[in-house]
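Scroll down for the structure; my scribbles are underneath it.
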Number of protein chains: 2
Amino acid sequence: MSQKQATIHDIAKKAGVSSSTVSRALQDNPLINSKTRERIQLIAEKLNYQPNVLAHNLRKGRSHMVGVLVPRIDHHFFSSVIGGIEKVLNEQGYNVLILQALDSVSKEVINVQSLLEHRIAGVLACPMALSQDYNHYKLLVKYDIPLIFFDNTHINMPVSMVLNDDYKGAALAAEHLINQGCRKIIFLAGPRNNYIYQRRFEGFRDTLKKRNIPFSDDQIFQNESDFLSGKDAANRILARMPLPDGVFSVTDHQAIQLIQALKIVGVKIPQQIAITGFSNAEITSIIDPPLTTIDQHSREMGAVAAKMLLEELEQRKNNTFIPKKIYLTPELIIRQSTLRRNE
Amino acid sequence: MSQKQATIHDIAKKAGVSSSTVSRALQDNPLINSKTRERIQLIAEKLNYQPNVLAHNLRKGRSHMVGVLVPRIDHHFFSSVIGGIEKVLNEQGYNVLILQALDSVSKEVINVQSLLEHRIAGVLACPMALSQDYNHYKLLVKYDIPLIFFDNTHINMPVSMVLNDDYKGAALAAEHLINQGCRKIIFLAGPRNNYIYQRRFEGFRDTLKKRNIPFSDDQIFQNESDFLSGKDAANRILARMPLPDGVFSVTDHQAIQLIQALKIVGVKIPQQIAITGFSNAEITSIIDPPLTTIDQHSREMGAVAAKMLLEELEQRKNNTFIPKKIYLTPELIIRQSTLRRNE
DNA sequence: GATGAATCTGCAATCGATTGCAGAATAAAA
DNA sequence: TTTTATTCTGCAATCGATTGCAGATTCATC
């Protein structure tokens with residue numbers, strides 16, 4: 001009843017040839033007589049033969065497995081990046097080994113170790129923001145294993161990266177708010193030490209400056225090390241007289257909570273206050289009013305990163321590899337939460 | 001500059017011993033003199049040695065890789081199931097190879113093939129609802145590879161399963177609506193041929209019957225092969241006089257859209273119509289009013305499935321394995337969309 | 001039938017790690 | 001010092017597939 005998976009040797013025995021012949025026949029090697037080849041392939045099919053990837057890779061000295069390192073898989077941004085990665089790599093015959101760091105730097109290190117042990121062909125990684133020590137990634141570089149960083153950016157290593165142009169995304173949203181007539185805009189910030197949110201702030205601030213819209217620090221609403229709840233933000237906004245006429249939130253979540261809170265006290269959105277989010281979470285199109293936000297093309301980011309990896313694998317063969325950075329331009333998704341006039 | 005990863009042979013050469021000795025030393029085999037052992041382990045560390053998992057598994061005839069098959073990874077339910085799986089298996093030294101079927105039955109077959117080629121230790125699978133042919137799964141059984149199905153259920157195979165008790169979940173929601181005073185409840189259905197939605201219907205219907213709440217087929221709102229939009233559902237509801245006082249939706253999405261649509265025409269929720277969703281999507285706690293829904297403990301489902309797999313691996317050694325089914329009881333999350341009185 | 005060319009197939013080493021068994025080195029006993 | 005027991009270490013085969021090289025087979029040609 002229990003049964004082992006067939007090997008080329010089993011096939012060889014059944015076909016009365018050596019395993020070398022089987023190996024060649026299954027590779028459609030022209031050295032093998034076409035009749036023998038067909039006979040062998042038929043037997044292989046009958047035995048339900050699946051080549052042993054372990055043995056194959058061991059012999060070939062390379063695997064068709066690519067490692068993907070993410071902080072966690074159950075965040076929509078990451079799972080959709082992975083979706084993009086998987087699609088591209090699968091089409092090229094690669095499999096994907098996904099590991100999550102779960103907010104632990106040491107787990108991240110262990111994960112890289114694990115990938116090295118699997119002799120993976122390459123790595124796509126979104127390093128945790130807080131990890132300061134990149135020695136584990138340097139190990140990959142040392143062994144000439146192609147490494148691509150995505151999403152996060154403040155790393156100074158000779159490695160290719162796919163990045164979100166958060167600066168540009170924020171600029172788009174700010175531009176839009178201004179075009180909708182907003183003149184007193186609140187910046188709803190994220191945690192202070194986060195590089196990404198910092199870039200969004202810069203894009204926002206610079207755009208206002210360029211358009212000569214006044215902006216001062218008291219228009220920045222921020223908690224020290226986490227997010228401001230929508231309710232708290234609403235209270236602070238309502239305390240301002242005259243009321244601000246626009247809010248730029250660094251996340252969709254904050255924006256949505258804020259909308260709910262403001263609606264309760266009767267503030268009209270977007271007529272009194274226009275609000276933008278960031279990320280284009282699935283929710284944003286469903287809530288009332290639908291939220292204007294910035295789409296980060298996460299799926300495409302995965303696809304681009306995967307393609308870069310394939311390219312790098314190719315280039316390393318000819319020694320023509322040079323690391324590069326690709327910035328993905330985010331897209332402004334205009335919805336009713338800001339629509340006060342036609343742009 | 002380019003450098004290969006070290007092997008036991010490299011270590012052996014540096015230590016002036018044979019590779020057998022190295023292999024044993026690294027396994028803390030007591031046969032090896034403790035001084036030799038320590039010397040070898042030191043050298044291994046210096047060379048940054050990572051054991052070649054391919055070679056190791058090939059020799060041992062088993063791998064520490066577990067395959068996970070899902071329809072798609074970028075759905076929150078699946079990514080959080082995977083999160084649970086990964087956590088449990090990682091702690092036991094297993095890695096997880098994730099493959100998505102992407103709505104293609106043939107891709108599902110290919111994925112199983114791919115797992116077989118990797119000589120994976122076991123498989124956790126959520127088969128697509130529409131695939132009728134389970135031969136590829138039977139192949140796993142044939143080769144004694146532990147297989148666990150999760151979430152989906154209408155499969156008749158001698159295989160362990162972790163299932164959501166959708167019947168019970170629906171019963172909980174129905175019970176709750178009745179307790180909130182609803183007497184004329186609409187059932188907002190999903191696609192007709194879907195087993196899961198069918199079970200939810202049965203749980204709903206039976207509960208109404210048990211509580212002597214009248215229910216007839218014209219209270220079922222349904223599209224033939226997909227979901228009813230919130231707007232269409234709202235129109236059909238508003239056409240009823242007197243207005244229904246409750247809605248059971250098989251998904252959160254439909255429920256949320258319905259709420260938005262009803263709010264626009266001034267229907268008070270929950271006072272006029274109480275509404276329940278199903279799944280406890282992240283959104284549901286954020287929207288206004290927050291949606292009463294059924295939590296499926298998806299992360300826990302992954303964890304349970306993973307534990308079952310580990311157990312099965314253990315049991316197969318002693319030939320004590322018997323497939324079993326575990327039903328996870330869903331949880332009613334009560335929020336304001338139904339809260340008309342204290343239960 | 002002999003010779004040479006062309007076509008096909010098998011031997012054996014290899015990838016990196018593991019392990020049974022034999023044999024070397026060391027320690028203990030005679 | 002010799003013998004025996006004990007402790008260590010290495011040889012070589014193995015897992016399953018690949019591949020250079022040599023040898024076998026077939027076929028055409030003289």
Side-chain angles (χ1 to χ4, degrees), chain A residues 3-41 43-44 47-65 93 114 116-121 143, chain B residues 3-41 43-44 47-65 93 113-121 143:
Chain A
Q3 204 177 327
K4 293 241 166 182
Q5 292 180 247
T7 71
I8 48 168
H9 306 293
D10 300 325
I11 300 175
K13 204 175 289 175
K14 259 219 169 52
V17 297
S18 79
S19 41
S20 339
T21 305
V22 174
S23 173
R24 292 194 177 98
L26 295 177
Q27 295 174 77
D28 283 328
N29 187 321
L31 279 180
I32 303 298
N33 186 310
S34 60
K35 279 180 194 163
T36 327
R37 182 176 7 116
E38 282 163 24
R39 194 162 52 87
I40 290 175
Q41 292 180 342
I43 295 176
L47 290 182
N48 248 312
Y49 171 72
Q50 348 263 353
N52 186 322
V53 174
L54 302 176
H56 180 274
N57 289 343
L58 175 60
R59 179 59 226 255
K60 289 285 208 175
R62 65 193 154 81
S63 92
H64 275 81
M65 191 97 76
S114 180
L116 282 169
E117 292 179 359
H118 280 90
R119 301 297 191 266
I120 31 77
Y143 292 132
Chain B
Q3 203 178 328
K4 294 243 166 180
Q5 293 180 244
T7 70
I8 47 169
H9 303 105
D10 300 325
I11 300 174
K13 204 175 289 174
K14 259 219 168 53
V17 297
S18 78
S19 40
S20 337
T21 304
V22 174
S23 173
R24 291 193 178 100
L26 295 178
Q27 295 174 78
D28 283 329
N29 186 321
L31 280 179
I32 304 297
N33 186 310
S34 60
K35 279 180 193 164
T36 327
R37 180 173 13 111
E38 281 162 24
R39 193 162 53 88
I40 289 175
Q41 292 179 343
I43 294 177
L47 290 182
N48 247 313
Y49 171 74
Q50 350 263 355
N52 186 322
V53 174
L54 301 177
H56 181 274
N57 289 344
L58 175 60
R59 179 60 227 255
K60 290 286 208 175
R62 65 194 155 83
S63 91
H64 274 82
M65 191 96 77
Q113 292 283 332
S114 180
L115 292 179
L116 282 169
E117 292 180 359
H118 279 90
R119 300 299 191 267
I120 30 79
Y143 291 132

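Chain naming here is simple, since letters A, B, ... match the order of the sequence lines and numbering starts at 1 in each.
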Both Leu26(A) and Pro30(B) contact DNA chain D. Which one's nearest nucleotide lies toward the 5' end? Pro30(B)

Closest heavy-atom pair and its distance - Leu31(B), Asn29(B): N-OD1, 2.8 Å

Arg62(B) CZ to dC15(D) C1', straight-line distance once rounded to whole Å: 13 Å

Compare side-chain N and O positions of Ser23(A) against OP1 and OP2 of dT18(D) and report whether any pair is under 4.0 Å apart. yes

Does a side-chain N or O of Gln27(B) approach OP1 or OP2 of dT19(C) to a distance below 4.0 Å, or not? yes

Strictly below 4.0 Å: does Lys35(A) bring a side-chain N or O up to OP1 or OP2 of dC8(C)? no

Is Thr7(B) near enough to dG16(C) that one of its side-chain N or O atoms lies under 4.0 angstrom from OP1 or OP2? no

Whole-Å distance, Ile8(B) CD1 to dA17(C) C1', equals 5 Å

So, does Gln41(A) use its side chain to make a donor-acceptor pair with the main chain of Leu26(A) at under 3.5 Å? no

Tell me which nucleotide among dA17(D), dG16(C), dC8(C) gets nearest to the side chain of Asn33(A). dC8(C)

Collect all protein-nucleotide pairs involving nucleotides 20-28 of chain C in which both atoms are nitrogen or oxygen and the distance is under 3.5 Å.
from: dG20(C); atom 1: O6; to: Arg24(B); atom 2: NH2; distance (Å): 2.6

On a heavy-atom basis, the closest approach of Ile32(B) and Arg24(B) is CG1-CB, 3.5 Å

Give me the atom names and distance for the closest heavy-atom approach of Ala12(A) to Ser18(A). CB-C, 3.7 Å

Qualifying residue, where the test is side-chain contact (heavy atoms from CB on, under 4.5 Å) with Asn52(B) and the options are Glu117(A), Arg119(A), His118(A): Arg119(A)

Distance, rounded to the nearest Å, where Gln50(B) contributes CD and dC15(C) contributes P: 19 Å

Expected output: side-chain Gln50(B) to main-chain Asn48(B) donor-acceptor under 3.5 Å: yes

Can you check the Arg59(A) CZ to dA17(D) P distance for me, whole Å? 13 Å

Closest to the side chain of Tyr49(A), out of dG16(C), dA17(D), dG10(C), is dA17(D)

In whole Å, I'd like the distance from the CG atom of Leu58(A) to the C1' atom of dT14(D). 12 Å

Answer yes or no: does a side-chain N or O of Thr21(A) lie under 4.0 Å from OP1 or OP2 of dT9(C)? no

Whole-Å distance, Leu47(A) CG to dG16(D) P, equals 14 Å

Atom CD1 of Ile32(A) to atom C1' of dT25(D): distance rounded to whole Å? 13 Å

Considering just the side-chain nitrogens and oxygens of Lys60(A), establish if one lies under 4.0 Å of OP1 or OP2 belonging to dT19(D). yes

Could you tell me whether Val22(B) contacts a base, only the sugar-phosphate backbone, or nothing, with contacts defined as non-hydrogen atoms closer than 4.0 Å? nothing

Donor-acceptor pair, distance only, cut-off 3.5 Å: does the side chain of Asp10(B) make one with the backbone of Thr7(B)? yes

Whole-Å gap separating P (dT9(C)) and CG (Asn29(A)): 11 Å

Think His56(A) has a side-chain N or O under 4.0 angstrom from the OP1 or OP2 of dT18(D)? yes

Is a donor on one side and an acceptor on the other found under 3.5 Å between the side chain of Gln5(A) and the backbone of Leu116(B)? yes

Would one find a side-chain N or O of Ser19(B) under 4.0 angstrom from OP1 or OP2 of dG10(D)? no

